[in-house]
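What you are looking at is a predicted structure, and each value in this text was computed from that prediction instead of being measured.
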Amino acid sequence: MVSGRAAPAAPAVTGPAVDAGSFRQVMGRLATGVTLVATRFDGVDHVMTANSFTSVSLDPPLVLFCVRRGSRFHHAVLASGVWGVSVLPAAMEDAGRFFAQPGRPVGGATRWPCHRGVRGVALFDAALAVLEASTHAVHDEGDHAIVVGAVTALGPPRDDRPLIYQRGRYRTC
(Lines give C-alpha, C1' and ligand atoms only; values in the text may rest on other atoms or scores of the structure.)
Protein backbone atom coordinates (compact mmCIF):
# COMPACT_ATOMS: atom_id res chain seq x y z
CA MET A 1 0.00 0.00 0.00
CA VAL A 2 1.17 3.51 -0.84
CA SER A 3 -0.48 6.29 1.22
CA GLY A 4 -3.50 4.08 1.92
CA ARG A 5 -3.93 3.20 -1.76
CA ALA A 6 -2.92 0.09 -3.61
CA ALA A 7 0.41 0.52 -5.36
CA PRO A 8 0.18 0.67 -9.16
CA ALA A 9 0.85 -2.65 -10.80
CA ALA A 10 4.23 -3.08 -12.43
CA PRO A 11 4.04 -3.65 -16.18
CA ALA A 12 4.09 -7.32 -17.12
CA VAL A 13 7.31 -8.62 -18.60
CA THR A 14 6.80 -10.98 -21.46
CA GLY A 15 8.80 -12.18 -24.38
CA PRO A 16 11.54 -14.63 -25.20
CA ALA A 17 13.74 -16.34 -22.65
CA VAL A 18 15.56 -14.06 -20.22
CA ASP A 19 19.03 -13.21 -21.46
CA ALA A 20 22.03 -12.81 -19.15
CA GLY A 21 22.57 -9.12 -19.92
CA SER A 22 18.99 -8.12 -19.12
CA PHE A 23 19.01 -10.27 -16.00
CA ARG A 24 22.24 -8.59 -14.83
CA GLN A 25 20.70 -5.12 -15.40
CA VAL A 26 17.58 -5.96 -13.41
CA MET A 27 19.46 -7.60 -10.52
CA GLY A 28 21.99 -4.75 -10.53
CA ARG A 29 19.30 -2.45 -9.16
CA LEU A 30 19.40 -4.34 -5.87
CA ALA A 31 21.88 -2.73 -3.49
CA THR A 32 23.80 -5.31 -1.47
CA GLY A 33 26.40 -5.29 1.24
CA VAL A 34 29.95 -6.31 0.37
CA THR A 35 31.82 -9.01 2.26
CA LEU A 36 35.10 -10.85 2.11
CA VAL A 37 34.73 -14.60 2.57
CA ALA A 38 37.95 -16.31 3.62
CA THR A 39 39.04 -19.90 4.09
CA ARG A 40 42.38 -21.57 4.73
CA PHE A 41 43.33 -24.71 2.82
CA ASP A 42 46.70 -26.47 2.75
CA GLY A 43 48.23 -23.59 4.71
CA VAL A 44 47.15 -20.96 2.15
CA ASP A 45 44.59 -18.18 2.64
CA HIS A 46 41.88 -18.01 -0.01
CA VAL A 47 39.67 -14.90 -0.03
CA MET A 48 36.89 -13.76 -2.34
CA THR A 49 34.63 -10.73 -2.48
CA ALA A 50 30.96 -11.66 -2.17
CA ASN A 51 27.81 -9.60 -2.24
CA SER A 52 25.69 -12.75 -2.21
CA PHE A 53 25.83 -13.20 1.57
CA THR A 54 22.81 -13.37 3.87
CA SER A 55 21.44 -14.87 7.05
CA VAL A 56 19.27 -17.97 6.69
CA SER A 57 18.13 -18.87 10.19
CA LEU A 58 18.37 -17.64 13.78
CA ASP A 59 17.76 -21.06 15.33
CA PRO A 60 20.16 -22.55 14.53
CA PRO A 61 22.27 -19.60 13.35
CA LEU A 62 22.90 -20.22 9.63
CA VAL A 63 24.26 -17.98 6.87
CA LEU A 64 24.96 -18.48 3.17
CA PHE A 65 27.04 -17.14 0.32
CA CYS A 66 27.29 -18.05 -3.34
CA VAL A 67 30.49 -18.98 -5.18
CA ARG A 68 31.13 -19.77 -8.85
CA ARG A 69 31.58 -23.50 -9.28
CA GLY A 70 34.98 -24.46 -10.65
CA SER A 71 36.73 -21.43 -9.15
CA ARG A 72 39.78 -21.83 -6.91
CA PHE A 73 37.78 -20.51 -3.97
CA HIS A 74 35.00 -23.05 -4.59
CA HIS A 75 37.48 -25.91 -4.37
CA ALA A 76 39.28 -24.47 -1.32
CA VAL A 77 36.17 -23.70 0.74
CA LEU A 78 34.59 -27.10 0.07
CA ALA A 79 37.84 -28.90 0.94
CA SER A 80 38.37 -26.80 4.08
CA GLY A 81 34.82 -26.90 5.42
CA VAL A 82 35.36 -23.72 7.48
CA TRP A 83 35.20 -20.08 6.49
CA GLY A 84 34.97 -16.56 7.83
CA VAL A 85 33.06 -13.49 6.69
CA SER A 86 34.15 -9.88 7.10
CA VAL A 87 31.46 -7.25 6.37
CA LEU A 88 33.24 -4.35 4.68
CA PRO A 89 33.10 -0.69 5.62
CA ALA A 90 33.37 1.97 2.91
CA ALA A 91 37.05 2.46 3.77
CA MET A 92 37.84 -1.09 2.55
CA GLU A 93 36.68 -0.65 -1.05
CA ASP A 94 40.23 -1.36 -2.25
CA ALA A 95 40.15 -4.77 -0.55
CA GLY A 96 36.76 -5.51 -2.10
CA ARG A 97 38.12 -4.68 -5.54
CA PHE A 98 41.33 -6.67 -5.02
CA PHE A 99 39.62 -9.89 -3.95
CA ALA A 100 37.02 -9.58 -6.74
CA GLN A 101 39.70 -9.88 -9.46
CA PRO A 102 39.41 -13.25 -11.19
CA GLY A 103 42.72 -15.02 -11.76
CA ARG A 104 44.69 -12.88 -9.30
CA PRO A 105 47.49 -14.60 -7.37
CA VAL A 106 46.35 -16.67 -4.38
CA GLY A 107 46.80 -15.06 -0.99
CA GLY A 108 46.99 -11.36 -0.32
CA ALA A 109 44.96 -11.35 2.89
CA THR A 110 47.84 -9.83 4.83
CA ARG A 111 47.84 -6.72 2.60
CA TRP A 112 45.20 -5.45 5.05
CA PRO A 113 45.36 -5.78 8.83
CA CYS A 114 43.72 -9.04 9.80
CA HIS A 115 43.74 -11.67 12.50
CA ARG A 116 43.04 -15.39 12.69
CA GLY A 117 39.66 -16.51 13.88
CA VAL A 118 39.05 -19.48 16.15
CA ARG A 119 39.13 -21.82 13.11
CA GLY A 120 42.26 -20.20 11.62
CA VAL A 121 40.61 -18.18 8.85
CA ALA A 122 41.57 -14.58 8.08
CA LEU A 123 39.19 -11.98 9.52
CA PHE A 124 39.79 -8.34 8.60
CA ASP A 125 40.38 -5.95 11.50
CA ALA A 126 38.52 -2.96 9.97
CA ALA A 127 35.37 -5.00 9.21
CA LEU A 128 31.99 -3.82 10.48
CA ALA A 129 31.32 -7.37 11.66
CA VAL A 130 32.98 -10.77 11.41
CA LEU A 131 31.77 -14.31 11.84
CA GLU A 132 33.05 -17.82 11.34
CA ALA A 133 31.11 -20.79 10.02
CA SER A 134 31.41 -24.49 9.31
CA THR A 135 29.90 -25.70 6.05
CA HIS A 136 26.46 -27.15 6.80
CA ALA A 137 25.20 -27.80 3.25
CA VAL A 138 26.13 -27.06 -0.36
CA HIS A 139 23.56 -26.72 -3.14
CA ASP A 140 24.66 -26.59 -6.77
CA GLU A 141 22.43 -24.16 -8.68
CA GLY A 142 23.24 -22.97 -12.19
CA ASP A 143 26.88 -21.95 -12.46
CA HIS A 144 27.21 -21.31 -8.71
CA ALA A 145 27.11 -23.22 -5.44
CA ILE A 146 25.11 -21.99 -2.48
CA VAL A 147 27.24 -22.65 0.59
CA VAL A 148 25.26 -22.72 3.83
CA GLY A 149 27.23 -22.43 7.05
CA ALA A 150 26.51 -23.02 10.71
CA VAL A 151 27.82 -19.96 12.58
CA THR A 152 30.47 -21.02 15.11
CA ALA A 153 31.89 -17.66 16.27
CA LEU A 154 31.08 -13.95 16.13
CA GLY A 155 33.16 -10.84 16.63
CA PRO A 156 31.72 -7.67 18.16
CA PRO A 157 30.13 -5.42 15.51
CA ARG A 158 31.23 -1.82 15.07
CA ASP A 159 29.56 1.22 13.57
CA ASP A 160 30.87 2.81 10.39
CA ARG A 161 29.62 3.53 6.87
CA PRO A 162 29.02 0.25 5.01
CA LEU A 163 30.35 -0.53 1.55
CA ILE A 164 27.53 -1.44 -0.81
CA TYR A 165 27.38 -2.61 -4.41
CA GLN A 166 24.74 -1.53 -6.90
CA ARG A 167 24.53 -1.18 -10.68
CA GLY A 168 28.08 -2.52 -11.11
CA ARG A 169 29.63 0.06 -8.77
CA TYR A 170 30.77 0.31 -5.19
CA ARG A 171 28.84 2.92 -3.19
CA THR A 172 28.36 4.10 0.37
CA CYS A 173 25.36 5.31 2.27
Side-chain angles (χ1 to χ4, degrees), residues 1-3 6-39 45-58 61-74 77 83-104 108-109 111-114 121-133 138-149 151 154-173:
M1 299 287 279
V2 176
S3 303
V13 178
T14 59
V18 175
D19 68 272
S22 296
F23 182 64
R24 181 181 294 256
Q25 285 182 341
V26 168
M27 294 309 299
R29 296 315 190 261
L30 176 66
T32 62
V34 181
T35 64
L36 296 180
V37 182
T39 193
D45 289 315
H46 296 265
V47 184
M48 69 169 244
T49 301
N51 68 336
S52 59
F53 171 77
T54 192
S55 61
V56 174
S57 169
L58 289 175
L62 299 173
V63 293
L64 71 75
F65 73 95
C66 298
V67 59
R68 186 176 49 81
R69 288 187 303 153
S71 68
R72 290 184 309 213
F73 192 86
H74 177 259
V77 76
W83 37 280
V85 177
S86 298
V87 179
L88 296 187
M92 286 190 71
E93 180 179 333
D94 57 341
R97 288 183 184 284
F98 178 80
F99 291 111
Q101 295 174 34
R104 66 172 170 70
R111 291 178 61 169
W112 291 267
C114 61
V121 298
L123 299 171
F124 292 83
D125 294 350
L128 298 177
V130 296
L131 64 83
E132 292 178 82
V138 178
H139 306 278
D140 286 340
E141 298 296 339
D143 58 2
H144 278 63
I146 302 166
V147 182
V148 180
V151 177
L154 299 169
R158 63 182 199 83
D159 289 329
D160 201 347
R161 292 182 348 182
L163 181 62
I164 60 174
Y165 191 76
Q166 185 202 30
R167 295 183 68 184
R169 292 185 16 218
Y170 289 101
R171 302 170 185 267
T172 63
C173 56

Within 45 degrees of the axis of the six-membered ring of F98 and under 6.0 Å from its centre: does R111 put its NZ or CZ there?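 Satisfied, under 6.0 Å and within 45°.
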Least distance between heavy atoms, [X] atom then [Y] atom:
X: T49; Y: A95; answer: OG1-O, 4.1 Å
X: A38; Y: V47; answer: CB-CG2, 4.0 Å
X: A133; Y: V63; answer: CB-CG2, 4.5 Å
X: R158; Y: A127; answer: NE-O, 3.1 Å
X: V130; Y: S86; answer: CG1-OG, 3.7 Å
X: T172; Y: A90; answer: CG2-CB, 3.0 Å

Please check this pair: side chain of [X] against backbone of [Y], looking for a donor-acceptor N/O pair closer than 3.5 Å.
X: R69; Y: G142; value: yes
X: Y170; Y: V34; value: no
X: R68; Y: D143; value: no
X: S52; Y: C66; value: yes
X: T39; Y: W83; value: no

Look at atom [atom1] of [X] and say whether more than 12 heavy atoms of other residues, nucleotides or ligands are closer to it than 6.0 Å.
X: R24; atom1: CZ; result: no
X: D140; atom1: CG; result: yes
X: R171; atom1: CZ; result: yes

Could you tell me the separation between the [atom1] atom of [X] and the [atom2] atom of [Y], rounded to the nearest 0.5 Å?
X: T35; Y: F65; atom1: OG1; atom2: CZ; answer: 8.5 Å
X: H139; Y: L64; atom1: NE2; atom2: CG; answer: 8.5 Å
X: N51; Y: L163; atom1: CG; atom2: CG; answer: 10.0 Å
X: D160; Y: L88; atom1: CG; atom2: CG; answer: 11.0 Å
X: L36; Y: F53; atom1: CG; atom2: CZ; answer: 11.5 Å
X: M48; Y: H74; atom1: CE; atom2: NE2; answer: 10.5 Å

Aromatic plane relationship, F99 with W112 - under 30° parallel, 30 to 60° tilted, over 60° perpendicular: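 Tilted, since the angle between the ring planes falls between 30° and 60°.
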Side chains of E132 and L123: does their closest heavy-atom pair fall under 4.5 Å?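 Yes. Closest side-chain heavy atoms under 4.5 Å.
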P162 side chain reached by L128 side chain, heavy atoms, under 4.5 Å: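 SC-SC contact between L128 and P162 confirmed.
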